[in-house]
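Input: a single structure, listed below in C-alpha coordinates.
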Protein chains: 2
Amino acid sequence: MTTPRGPGQRAGLSRDAVLGAARLLLAEDGLERLTMRAIADALGVAPNALYSHVASKSAMVDDLLDGVLAAVAAPSGDDPATSLREVMASTYDVLIAHADLVPVYLARQGSRGPNAQRLGVIMNDLLGRAGLEGTAVGEARRVLIVYAIGFAAFSTPGGTDPAAVGVEPARANFDRGLGWLVDGIIGAD
Amino acid sequence: MTTPRGPGQRAGLSRDAVLGAARLLLAEDGLERLTMRAIADALGVAPNALYSHVASKSAMVDDLLDGVLAAVAAPSGDDPATSLREVMASTYDVLIAHADLVPVYLARQGSRGPNAQRLGVIMNDLLGRAGLEGTAVGEARRVLIVYAIGFAAFSTPGGTDPAAVGVEPARANFDRGLGWLVDGIIGAD
DNA sequence: ACCTGAACACCGTTCAAGT
DNA sequence: ACCTGAACACCGTTCAAGT
(Lines give C-alpha, C1' and ligand atoms only; values in the text may rest on other atoms or scores of the structure.)
Protein backbone atom coordinates (compact mmCIF):
# COMPACT_ATOMS: atom_id res chain seq x y z
CA MET A 1 0.00 0.00 0.00
CA THR A 2 3.00 2.31 0.39
CA THR A 3 3.73 4.52 -2.57
CA PRO A 4 6.48 2.86 -4.61
CA ARG A 5 9.77 4.66 -4.60
CA GLY A 6 11.29 6.06 -7.73
CA PRO A 7 15.02 6.34 -8.34
CA GLY A 8 16.69 8.69 -5.88
CA GLN A 9 14.09 8.38 -3.14
CA ARG A 10 15.70 7.20 0.13
CA ALA A 11 14.52 4.01 1.81
CA GLY A 12 16.22 4.78 5.12
CA LEU A 13 18.62 1.90 4.69
CA SER A 14 21.86 1.53 6.63
CA ARG A 15 24.65 -0.98 6.92
CA ASP A 16 23.27 -2.15 10.26
CA ALA A 17 19.78 -2.54 8.84
CA VAL A 18 21.13 -4.74 6.06
CA LEU A 19 23.13 -6.89 8.47
CA GLY A 20 20.15 -7.14 10.81
CA ALA A 21 17.85 -8.29 8.04
CA ALA A 22 20.48 -10.80 6.96
CA ARG A 23 20.77 -12.19 10.49
CA LEU A 24 17.00 -12.49 10.79
CA LEU A 25 16.71 -14.27 7.45
CA LEU A 26 19.53 -16.60 8.37
CA ALA A 27 17.92 -17.53 11.67
CA GLU A 28 14.51 -18.08 10.12
CA ASP A 29 15.24 -19.68 6.78
CA GLY A 30 18.81 -20.96 6.98
CA LEU A 31 21.87 -20.35 4.88
CA GLU A 32 20.48 -21.54 1.57
CA ARG A 33 17.77 -18.90 1.62
CA LEU A 34 20.14 -16.12 2.55
CA THR A 35 20.31 -14.34 -0.80
CA MET A 36 20.86 -10.70 -1.54
CA ARG A 37 17.51 -10.67 -3.28
CA ALA A 38 15.71 -12.11 -0.25
CA ILE A 39 17.38 -9.57 2.05
CA ALA A 40 16.37 -6.76 -0.27
CA ASP A 41 12.85 -8.13 -0.36
CA ALA A 42 12.63 -8.20 3.43
CA LEU A 43 13.78 -4.58 3.49
CA GLY A 44 11.42 -3.53 0.73
CA VAL A 45 14.14 -2.35 -1.63
CA ALA A 46 15.57 -3.39 -4.98
CA PRO A 47 18.33 -6.04 -4.79
CA ASN A 48 21.07 -3.75 -5.93
CA ALA A 49 20.23 -1.15 -3.29
CA LEU A 50 22.17 -3.29 -0.80
CA TYR A 51 25.40 -2.52 -2.62
CA SER A 52 25.28 1.03 -1.32
CA HIS A 53 25.88 -0.41 2.17
CA VAL A 54 27.87 -3.62 1.76
CA ALA A 55 30.66 -4.32 -0.68
CA SER A 56 29.56 -7.83 -1.55
CA LYS A 57 27.68 -10.80 -0.22
CA SER A 58 30.97 -12.40 0.76
CA ALA A 59 32.03 -9.40 2.85
CA MET A 60 28.60 -9.30 4.46
CA VAL A 61 28.80 -12.95 5.45
CA ASP A 62 32.24 -12.32 6.94
CA ASP A 63 30.74 -9.64 9.15
CA LEU A 64 27.92 -11.97 10.12
CA LEU A 65 30.44 -14.62 11.13
CA ASP A 66 32.51 -12.33 13.29
CA GLY A 67 29.43 -10.73 14.82
CA VAL A 68 28.33 -14.09 16.18
CA LEU A 69 31.58 -14.37 18.11
CA ALA A 70 30.75 -11.21 20.08
CA ALA A 71 28.56 -13.40 22.30
CA VAL A 72 31.46 -15.57 23.45
CA ALA A 73 32.00 -14.92 27.15
CA ALA A 74 35.46 -14.02 28.43
CA PRO A 75 36.47 -16.33 31.26
CA SER A 76 36.49 -14.90 34.78
CA GLY A 77 38.39 -17.24 37.11
CA ASP A 78 42.09 -17.53 37.90
CA ASP A 79 43.00 -21.04 36.82
CA PRO A 80 44.16 -21.03 33.19
CA ALA A 81 43.06 -24.61 32.47
CA THR A 82 39.55 -23.93 33.78
CA SER A 83 39.36 -20.64 31.89
CA LEU A 84 40.51 -22.37 28.73
CA ARG A 85 37.73 -24.92 29.06
CA GLU A 86 35.24 -22.14 29.75
CA VAL A 87 36.08 -20.00 26.79
CA MET A 88 36.08 -22.97 24.43
CA ALA A 89 32.78 -24.22 25.81
CA SER A 90 31.28 -20.76 25.41
CA THR A 91 32.54 -20.65 21.82
CA TYR A 92 30.95 -24.02 21.20
CA ASP A 93 27.60 -22.89 22.66
CA VAL A 94 27.59 -19.73 20.58
CA LEU A 95 28.41 -21.67 17.42
CA ILE A 96 25.69 -24.23 18.13
CA ALA A 97 23.21 -21.38 18.45
CA HIS A 98 24.12 -20.42 14.88
CA ALA A 99 24.48 -23.86 13.40
CA ASP A 100 23.90 -22.70 9.86
CA LEU A 101 26.97 -20.51 9.94
CA VAL A 102 29.37 -23.17 11.15
CA PRO A 103 30.13 -24.77 7.77
CA VAL A 104 30.67 -21.31 6.33
CA TYR A 105 33.00 -20.63 9.18
CA LEU A 106 35.01 -23.73 8.33
CA ALA A 107 35.00 -22.94 4.64
CA ARG A 108 36.56 -19.55 5.35
CA GLN A 109 38.89 -20.98 7.98
CA GLY A 110 37.52 -18.86 10.78
CA SER A 111 37.17 -15.15 11.06
CA ARG A 112 39.74 -12.38 10.98
CA GLY A 113 37.33 -9.83 12.43
CA PRO A 114 37.69 -7.94 15.72
CA ASN A 115 35.86 -10.52 17.80
CA ALA A 116 37.99 -13.37 16.50
CA GLN A 117 41.09 -11.34 17.32
CA ARG A 118 39.84 -10.62 20.80
CA LEU A 119 39.35 -14.35 21.41
CA GLY A 120 42.79 -15.09 19.99
CA VAL A 121 44.39 -12.71 22.47
CA ILE A 122 42.46 -14.25 25.36
CA MET A 123 43.54 -17.74 24.37
CA ASN A 124 47.17 -16.75 23.94
CA ASP A 125 47.15 -15.23 27.39
CA LEU A 126 45.61 -18.30 29.00
CA LEU A 127 47.99 -20.66 27.22
CA GLY A 128 50.91 -18.51 28.28
CA ARG A 129 49.77 -18.54 31.89
CA ALA A 130 49.39 -22.32 31.60
CA GLY A 131 53.12 -22.46 30.89
CA LEU A 132 53.26 -22.76 27.08
CA GLU A 133 55.91 -20.87 25.15
CA GLY A 134 56.85 -20.10 21.57
CA THR A 135 55.31 -22.16 18.81
CA ALA A 136 53.49 -24.37 21.33
CA VAL A 137 51.04 -21.52 21.98
CA GLY A 138 49.82 -21.18 18.40
CA GLU A 139 49.81 -24.92 18.01
CA ALA A 140 47.59 -25.52 21.02
CA ARG A 141 45.36 -22.62 20.02
CA ARG A 142 44.81 -24.12 16.62
CA VAL A 143 43.94 -27.52 18.03
CA LEU A 144 41.38 -26.00 20.38
CA ILE A 145 39.77 -23.79 17.74
CA VAL A 146 39.61 -26.65 15.28
CA TYR A 147 38.05 -28.87 17.88
CA ALA A 148 35.38 -26.37 18.92
CA ILE A 149 34.29 -25.46 15.40
CA GLY A 150 34.61 -29.01 14.12
CA PHE A 151 32.50 -30.37 16.93
CA ALA A 152 29.91 -27.65 16.46
CA ALA A 153 29.66 -28.60 12.81
CA PHE A 154 28.91 -32.17 13.82
CA SER A 155 26.37 -31.21 16.48
CA THR A 156 23.81 -29.32 14.44
CA PRO A 157 20.37 -30.57 15.42
CA GLY A 158 19.08 -30.96 11.88
CA GLY A 159 21.29 -33.59 10.35
CA THR A 160 21.55 -37.26 11.19
CA ASP A 161 25.13 -37.58 12.28
CA PRO A 162 26.88 -40.81 11.26
CA ALA A 163 29.44 -40.33 14.00
CA ALA A 164 26.74 -39.89 16.65
CA VAL A 165 24.86 -43.19 16.52
CA GLY A 166 24.17 -44.31 20.08
CA VAL A 167 26.00 -41.40 21.61
CA GLU A 168 25.28 -39.17 24.57
CA PRO A 169 24.22 -35.53 24.03
CA ALA A 170 26.75 -33.55 22.05
CA ARG A 171 27.54 -31.03 24.78
CA ALA A 172 28.68 -33.65 27.30
CA ASN A 173 30.65 -35.33 24.52
CA PHE A 174 32.24 -32.04 23.63
CA ASP A 175 33.25 -31.34 27.23
CA ARG A 176 34.85 -34.74 27.54
CA GLY A 177 37.04 -34.37 24.43
CA LEU A 178 37.84 -30.81 25.45
CA GLY A 179 39.11 -32.10 28.78
CA TRP A 180 41.39 -34.56 27.03
CA LEU A 181 42.81 -31.80 24.87
CA VAL A 182 43.37 -29.33 27.69
CA ASP A 183 45.00 -32.00 29.83
CA GLY A 184 47.24 -32.97 26.91
CA ILE A 185 48.12 -29.38 26.12
CA ILE A 186 49.12 -28.53 29.65
CA GLY A 187 50.72 -31.85 30.43
CA ALA A 188 52.73 -31.82 27.20
CA ASP A 189 54.44 -28.53 27.90
CA MET B 1 34.55 -30.04 -35.51
CA THR B 2 32.49 -33.03 -34.46
CA THR B 3 29.03 -33.22 -35.94
CA PRO B 4 26.59 -31.85 -33.38
CA ARG B 5 24.19 -34.36 -31.91
CA GLY B 6 20.48 -34.08 -32.32
CA PRO B 7 17.97 -35.27 -29.74
CA GLY B 8 18.13 -39.01 -29.23
CA GLN B 9 21.71 -39.51 -30.38
CA ARG B 10 23.81 -41.15 -27.66
CA ALA B 11 26.90 -39.41 -26.31
CA GLY B 12 28.29 -42.52 -24.64
CA LEU B 13 27.79 -41.03 -21.20
CA SER B 14 27.74 -43.08 -17.99
CA ARG B 15 27.44 -42.46 -14.30
CA ASP B 16 31.16 -43.06 -13.87
CA ALA B 17 32.01 -40.69 -16.70
CA VAL B 18 29.97 -37.95 -15.05
CA LEU B 19 31.58 -38.54 -11.65
CA GLY B 20 35.02 -38.64 -13.25
CA ALA B 21 34.50 -35.36 -15.02
CA ALA B 22 33.22 -33.86 -11.78
CA ARG B 23 36.32 -35.03 -9.90
CA LEU B 24 38.61 -33.61 -12.56
CA LEU B 25 36.82 -30.28 -12.56
CA LEU B 26 36.92 -30.15 -8.77
CA ALA B 27 40.65 -30.83 -8.68
CA GLU B 28 41.41 -28.28 -11.37
CA ASP B 29 39.02 -25.43 -10.69
CA GLY B 30 37.79 -25.90 -7.14
CA LEU B 31 34.38 -26.24 -5.63
CA GLU B 32 32.96 -22.93 -6.81
CA ARG B 33 33.46 -23.88 -10.44
CA LEU B 34 31.94 -27.31 -10.00
CA THR B 35 28.61 -26.68 -11.72
CA MET B 36 26.41 -29.08 -13.61
CA ARG B 37 26.78 -26.89 -16.64
CA ALA B 38 30.58 -26.96 -16.45
CA ILE B 39 30.59 -30.74 -16.08
CA ALA B 40 28.28 -31.05 -19.08
CA ASP B 41 30.54 -28.72 -21.01
CA ALA B 42 33.60 -30.83 -20.22
CA LEU B 43 31.74 -33.89 -21.45
CA GLY B 44 30.43 -32.17 -24.56
CA VAL B 45 26.77 -32.65 -23.71
CA ALA B 46 23.82 -30.45 -22.80
CA PRO B 47 23.51 -29.63 -19.07
CA ASN B 48 20.35 -31.64 -18.57
CA ALA B 49 21.90 -34.76 -20.10
CA LEU B 50 23.60 -35.35 -16.73
CA TYR B 51 20.25 -36.03 -15.13
CA SER B 52 20.02 -39.32 -17.00
CA HIS B 53 22.92 -40.54 -14.84
CA VAL B 54 22.75 -38.70 -11.52
CA ALA B 55 19.66 -37.78 -9.54
CA SER B 56 20.83 -34.31 -8.56
CA LYS B 57 23.94 -32.27 -7.96
CA SER B 58 23.60 -32.87 -4.24
CA ALA B 59 23.54 -36.67 -4.66
CA MET B 60 26.51 -36.44 -6.98
CA VAL B 61 28.54 -34.45 -4.47
CA ASP B 62 27.66 -37.03 -1.81
CA ASP B 63 29.16 -39.72 -4.00
CA LEU B 64 32.22 -37.59 -4.59
CA LEU B 65 32.67 -37.20 -0.85
CA ASP B 66 32.44 -40.87 -0.07
CA GLY B 67 34.61 -41.81 -3.02
CA VAL B 68 37.48 -39.80 -1.59
CA LEU B 69 37.41 -41.91 1.57
CA ALA B 70 38.19 -45.03 -0.47
CA ALA B 71 41.83 -43.97 -0.34
CA VAL B 72 42.03 -44.12 3.46
CA ALA B 73 44.37 -46.97 4.40
CA ALA B 74 43.23 -49.61 6.86
CA PRO B 75 45.74 -49.98 9.71
CA SER B 76 47.94 -53.06 9.71
CA GLY B 77 49.59 -53.43 13.11
CA ASP B 78 48.42 -55.02 16.35
CA ASP B 79 48.39 -52.17 18.85
CA PRO B 80 44.96 -50.47 18.87
CA ALA B 81 46.29 -47.06 19.92
CA THR B 82 48.87 -47.06 17.14
CA SER B 83 46.31 -48.27 14.61
CA LEU B 84 43.90 -45.58 15.73
CA ARG B 85 46.53 -42.91 15.14
CA GLU B 86 47.36 -44.44 11.77
CA VAL B 87 43.83 -44.56 10.45
CA MET B 88 43.08 -41.01 11.60
CA ALA B 89 46.33 -39.73 10.12
CA SER B 90 45.51 -41.46 6.84
CA THR B 91 42.06 -39.89 6.90
CA TYR B 92 43.64 -36.52 7.47
CA ASP B 93 46.08 -36.96 4.60
CA VAL B 94 43.33 -38.03 2.22
CA LEU B 95 41.17 -35.07 3.21
CA ILE B 96 44.07 -32.66 2.78
CA ALA B 97 44.55 -34.01 -0.73
CA HIS B 98 40.97 -32.92 -1.44
CA ALA B 99 40.91 -29.69 0.48
CA ASP B 100 38.05 -28.23 -1.50
CA LEU B 101 35.71 -30.98 -0.37
CA VAL B 102 36.37 -30.63 3.33
CA PRO B 103 33.96 -27.78 4.05
CA VAL B 104 31.29 -29.63 2.09
CA TYR B 105 32.05 -32.65 4.19
CA LEU B 106 31.47 -30.64 7.34
CA ALA B 107 28.34 -29.04 5.98
CA ARG B 108 26.83 -32.47 5.37
CA GLN B 109 28.18 -33.86 8.64
CA GLY B 110 30.26 -36.51 7.03
CA SER B 111 29.31 -39.22 4.64
CA ARG B 112 26.91 -42.13 4.99
CA GLY B 113 28.35 -43.93 2.01
CA PRO B 114 30.01 -47.36 1.96
CA ASN B 115 33.51 -46.05 2.54
CA ALA B 116 32.46 -44.00 5.55
CA GLN B 117 30.75 -47.07 6.97
CA ARG B 118 33.83 -49.19 6.42
CA LEU B 119 35.92 -46.68 8.36
CA GLY B 120 33.32 -46.56 11.13
CA VAL B 121 33.53 -50.31 11.57
CA ILE B 122 37.33 -50.19 11.65
CA MET B 123 37.28 -47.48 14.31
CA ASN B 124 34.70 -49.27 16.43
CA ASP B 125 36.83 -52.39 16.37
CA LEU B 126 39.98 -50.53 17.35
CA LEU B 127 38.24 -48.67 20.16
CA GLY B 128 36.76 -51.90 21.44
CA ARG B 129 40.16 -53.57 21.42
CA ALA B 130 41.49 -50.53 23.28
CA GLY B 131 39.07 -51.37 26.09
CA LEU B 132 36.17 -48.97 25.42
CA GLU B 133 32.61 -50.16 25.92
CA GLY B 134 29.06 -48.96 25.34
CA THR B 135 28.49 -45.28 24.65
CA ALA B 136 32.18 -44.51 25.14
CA VAL B 137 32.91 -46.05 21.75
CA GLY B 138 30.63 -43.77 19.73
CA GLU B 139 31.73 -40.83 21.82
CA ALA B 140 35.42 -41.35 21.18
CA ARG B 141 34.74 -42.06 17.52
CA ARG B 142 32.93 -38.78 17.13
CA VAL B 143 35.72 -36.82 18.80
CA LEU B 144 38.32 -38.37 16.49
CA ILE B 145 36.30 -37.84 13.33
CA VAL B 146 35.52 -34.26 14.26
CA TYR B 147 39.15 -33.62 14.99
CA ALA B 148 40.43 -35.06 11.71
CA ILE B 149 37.94 -33.27 9.49
CA GLY B 150 38.09 -30.06 11.49
CA PHE B 151 41.84 -29.96 11.35
CA ALA B 152 41.82 -30.70 7.66
CA ALA B 153 39.49 -27.78 7.11
CA PHE B 154 41.95 -25.52 8.86
CA SER B 155 44.97 -26.84 6.99
CA THR B 156 44.05 -26.09 3.40
CA PRO B 157 47.09 -24.53 1.74
CA GLY B 158 45.23 -21.71 0.02
CA GLY B 159 43.79 -19.68 2.85
CA THR B 160 45.60 -17.61 5.42
CA ASP B 161 44.69 -19.33 8.64
CA PRO B 162 44.20 -17.02 11.62
CA ALA B 163 44.79 -19.90 14.02
CA ALA B 164 48.06 -20.79 12.32
CA VAL B 165 50.15 -17.65 12.83
CA GLY B 166 53.64 -18.69 13.85
CA VAL B 167 52.81 -22.36 13.89
CA GLU B 168 54.68 -25.45 12.74
CA PRO B 169 53.50 -27.38 9.67
CA ALA B 170 49.93 -28.60 9.98
CA ARG B 171 50.73 -32.31 9.81
CA ALA B 172 53.03 -32.29 12.83
CA ASN B 173 50.48 -30.15 14.66
CA PHE B 174 47.76 -32.60 13.75
CA ASP B 175 49.77 -35.57 15.01
CA ARG B 176 50.41 -33.87 18.31
CA GLY B 177 46.75 -33.10 19.01
CA LEU B 178 45.82 -36.57 17.81
CA GLY B 179 48.21 -38.06 20.35
CA TRP B 180 46.56 -36.07 23.13
CA LEU B 181 43.16 -37.32 22.09
CA VAL B 182 44.15 -40.97 21.76
CA ASP B 183 45.93 -40.85 25.12
CA GLY B 184 42.87 -39.27 26.69
CA ILE B 185 40.49 -41.74 25.09
CA ILE B 186 42.41 -44.78 26.22
CA GLY B 187 43.41 -43.39 29.61
CA ALA B 188 39.83 -42.30 30.36
CA ASP B 189 38.34 -45.72 29.95
C1' DA C 1 24.85 9.71 -1.55
C1' DC C 2 21.22 6.57 -2.14
C1' DC C 3 18.02 4.20 -4.76
C1' DT C 4 15.60 2.15 -9.11
C1' DG C 5 15.20 -0.24 -13.76
C1' DA C 6 17.23 -2.92 -16.73
C1' DA C 7 20.49 -5.90 -17.91
C1' DC C 8 24.47 -9.36 -17.83
C1' DA C 9 26.24 -13.66 -17.05
C1' DC C 10 25.28 -17.10 -14.67
C1' DC C 11 22.80 -21.22 -11.70
C1' DG C 12 19.96 -26.21 -10.97
C1' DT C 13 16.22 -28.48 -12.80
C1' DT C 14 11.99 -29.89 -15.56
C1' DC C 15 9.40 -30.95 -19.52
C1' DA C 16 8.29 -32.14 -24.06
C1' DA C 17 10.04 -33.65 -27.66
C1' DG C 18 13.16 -36.72 -30.91
C1' DT C 19 15.70 -41.40 -32.05
C1' DA D 1 16.84 -45.33 -22.43
C1' DC D 2 19.40 -41.38 -23.56
C1' DC D 3 19.91 -36.95 -25.28
C1' DT D 4 18.55 -32.02 -27.01
C1' DG D 5 16.03 -27.45 -27.08
C1' DA D 6 13.66 -24.52 -24.66
C1' DA D 7 12.14 -22.83 -20.68
C1' DC D 8 11.41 -21.82 -15.56
C1' DA D 9 12.67 -19.84 -11.49
C1' DC D 10 16.25 -18.37 -9.64
C1' DC D 11 21.34 -16.20 -8.45
C1' DG D 12 25.20 -11.96 -7.55
C1' DT D 13 26.54 -7.88 -9.56
C1' DT D 14 27.09 -3.71 -12.69
C1' DC D 15 25.76 0.31 -15.04
C1' DA D 16 23.26 4.25 -16.27
C1' DA D 17 20.10 6.80 -14.86
C1' DG D 18 17.10 9.79 -11.47
C1' DT D 19 16.61 12.89 -7.06
Side-chain angles (χ1 to χ4, degrees), chain A residues 1-26 28-65 100-101 103-104 107-108, chain B residues 1-26 28-65 100-101 103-104 107-108:
Chain A
M1 285 308 155
T2 45
T3 318
R5 270 182 311 278
Q9 289 170 358
R10 309 297 155 105
L13 235 52
S14 70
R15 180 186 169 75
D16 280 356
V18 173
L19 287 175
R23 260 187 285 268
L24 204 65
L25 209 59
L26 186 68
E28 283 176 351
D29 295 357
L31 187 64
E32 291 217 327
R33 311 291 276 265
L34 184 69
T35 68
M36 297 303 267
R37 296 176 115 100
I39 297 168
D41 220 55
L43 291 166
V45 298
N48 46 1
L50 305 180
Y51 290 86
S52 295
H53 301 96
V54 296
S56 67
K57 183 182 181 180
S58 172
M60 194 196 67
V61 171
D62 278 339
D63 278 346
L64 246 39
L65 288 176
D100 271 315
L101 275 180
V104 191
R108 308 195 180 206
Chain B
M1 288 307 154
T2 44
T3 319
R5 270 183 311 279
Q9 290 168 356
R10 311 297 156 105
L13 236 50
S14 70
R15 180 184 169 73
D16 280 355
V18 172
L19 288 175
R23 261 187 284 267
L24 204 66
L25 208 58
L26 185 68
E28 282 177 351
D29 294 358
L31 187 63
E32 291 217 325
R33 310 292 276 264
L34 184 68
T35 69
M36 297 304 266
R37 297 176 114 99
I39 296 168
D41 221 54
L43 290 166
V45 297
N48 45 2
L50 304 181
Y51 290 87
S52 296
H53 302 96
V54 295
S56 67
K57 183 183 182 181
S58 172
M60 194 196 67
V61 171
D62 279 339
D63 279 346
L64 246 39
L65 290 176
D100 271 316
L101 275 181
V104 191
R108 308 193 180 207

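Lettering of chains follows the sequences in order, A, B, ..., and the numbering in each one begins at 1.
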* To do: Could you pick out which residue, A:Lys57 or A:Gly8, lies toward the 5' side of DNA chain D when each is mapped onto its nearest nucleotide?
  => A:Lys57

* Looking only at side-chain N and O atoms, does B:His53 come under 4.0 Å of OP1 or OP2 in D:dC3? -> yes

* Would one find a side-chain N or O of A:Arg5 under 4.0 angstrom from OP1 or OP2 of C:dT4? -> yes

* Given the C1' atoms of D:dA9 and C:dA9, what is the spacing between them in whole Å? -> 16 Å

* To do: Determine the interatomic distance between C1' on D:dC3 and the same-named atom on C:dA16; round to the nearest Å.
  => 13 Å

* Inter-residue atom distance A:Glu32.CD - A:Asp100.CG, 0.5 Å rounding -> 9.0 Å

* **Interatomic spacing from CE in A:Met36 to CE in A:Met60 - rounded to 0.5 Å** => 5.5 Å

* Asked: Which residue lies toward the 5' end of DNA chain C, B:Pro47 or B:Arg10, if each is placed at its nearest nucleotide?
  -> B:Pro47

* Structure fact -> Of A:Gly44 and A:Arg37, the one whose closest nucleotide on DNA chain C sits nearer the 5' end is A:Gly44

Check: [X] side chain, [Y] main-chain N or O, donor-acceptor pair, under 3.5 Å:
{"X": "B:Arg108", "Y": "B:Ser58", "answer": "yes"}
{"X": "A:Glu28", "Y": "A:Leu25", "answer": "no"}
{"X": "B:Arg37", "Y": "B:Ala46", "answer": "no"}

* To do: Indicate, with a heavy-atom threshold strictly under 4.0 Å, whether B:Ala49 touches base, sugar-phosphate, or nothing.
  => base

* Looking for any heavy atom pair under 4.0 Å, which part of the strands does B:Ser52 touch: base, sugar-phosphate only, or nothing? -> base

* Asked: So which nucleotide does C:dC10 pair with, by the Watson-Crick or G-U wobble rule with both distances under 3.5 Å?
  -> none

* **Strand partner of D:dC2, provided both Watson-Crick or wobble distances fall under 3.5 Å** => C:dG18

Rounding to a whole Å, what distance do you find between [X]:[atom1] and [N]:[atom2]?
{"X": "B:Asp16", "N": "D:dC2", "atom1": "CG", "atom2": "C1'", "answer": "17 Å"}
{"X": "B:Leu13", "N": "C:dT19", "atom1": "CG", "atom2": "P", "answer": "20 Å"}
{"X": "B:Asp41", "N": "C:dG12", "atom1": "CG", "atom2": "C1'", "answer": "15 Å"}
{"X": "A:Arg33", "N": "D:dG12", "atom1": "CZ", "atom2": "P", "answer": "13 Å"}
{"X": "B:Leu50", "N": "D:dT4", "atom1": "CG", "atom2": "P", "answer": "9 Å"}
{"X": "A:Ile39", "N": "D:dG12", "atom1": "CD1", "atom2": "P", "answer": "8 Å"}
{"X": "A:Tyr51", "N": "D:dT13", "atom1": "OH", "atom2": "C1'", "answer": "5 Å"}
{"X": "B:Arg15", "N": "D:dC2", "atom1": "CZ", "atom2": "P", "answer": "13 Å"}

* Looking at the side chain of B:Met36, which of C:dT4, C:dA17, C:dT13 is the nearest nucleotide? -> C:dT13

